[in-house]
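A short write-up of the structure that comes next.
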Amino acid sequence: MTFLTWLESVVRSGDLPEQPELIQTWLALSSPKPTEPLINQLNSHHQQVIRLLDTISDELVPRTWRRSCVDNINRPLAALDRLVVCECNRRALAQLEHEVRQTIGYFEPSLNTPQQ
């Protein structure tokens with residue numbers, strides 16, 4: 001298992017909730033290089049958003065970790081916004097942003113209450 005694979009697993013599982021900086025590390029290390037083809041960059045950032053959404057939605061993951069995922073989800077969304085060049089990509093991004101808002105809105109109450 002590579003370090004990046006391990007890190008992605010930790011981000012998804014929230015196994016180290018006392019180290020939320022690992023989310024930013026994973027985002028930085030899993031981000032594509034600007035020299036990669038545009039489609040690879042779009043796919044990579046999209047997968048980051050999906051991974052964070054999956055974690056936010058998983059109520060078995062510690063609340064503080066899920067909150068940290070919410071706090072970091074705008075990084076790959078902003079990268080996608082900078083990369084879109086056509087109307088079809090713009091529509092896909094708008095749909096993804098809507099999904100993010102809906103998901104966070106649904107789970108927000110449980111993310112802001114004190115942990116039992």
Discussion item. Give me the atom names and distance for the closest heavy-atom approach of Val84 to Asp81.
Written reply: CG2-O, 3.5 Å
Discussion item. As an exercise, state the distance from CZ of Arg63 to OG of Ser68, rounded to the nearest 0.5 Å.
Written reply: 9.5 Å
Item to complete: With side chain to side chain contact (heavy atoms under 4.5 Å, CB included) as the test, would you mind laying out the steps for Val100 and Leu52 before giving the verdict?
Response: CA-CA 10 Å; Val100 167; Leu52 292 174; over 6 Å; no
Discussion item. Can a side-chain donor-acceptor contact be found between Arg67 and Asn112 if the only test is distance below 3.5 angstrom?
Written reply: yes
Item to complete: May I ask you to decide whether Arg66 forms a salt bridge with Asp54, counting only side-chain N to carboxylate O separations under 4.0 Å?
Response: no
Discussion item. Please give me the minimum heavy-atom distance between Ser44 and Pro32, naming the atom from each residue.
Written reply: OG-CD, 3.3 Å
Item to complete: State the CD1-CG distance between Ile50 and Asn43, to the nearest 0.5 angstrom.
Response: 11.0 Å
Item to complete: Could you tell me which non-hydrogen atom of Val70 sits nearest to which non-hydrogen atom of Leu111, and how far apart they are?
Response: CG2-CD1, 3.7 Å
Fill in: Stepwise side chain to side chain donor-acceptor pair (under 3.5 Å) check, Gln95 with His98
CA-CA 5 Å; Gln95 183 175 351; His98 177 74; over 6 Å; no
Worksheet item: With sequence neighbours left out, what residues match Leu29 under side chain to side chain contact (heavy atoms under 4.5 Å, CB included)?
Response: Phe3, Leu4, Leu7, Thr25
Worksheet entry | Arg101 bridged to Glu108 by N-O distance under 4.0 Å | no
Item to complete: Please report the closest heavy-atom contact between Trp26 and Glu8, naming both atoms and the distance.
Response: NE1-CB, 3.5 Å
Practice prompt. For Glu21, look at atom CD and say whether over 12 heavy atoms of other residues, nucleotides or ligands are found less than 6.0 Å away.
Written response: yes
Response to the item:
On a heavy-atom basis, the closest approach of Pro76 and His45 is CB-O, 3.7 Å
Worksheet, complete the sentence: Value for OG (Ser13) from CG (Leu60), rounded to nearest 0.5 Å, stands at 11.5 Å
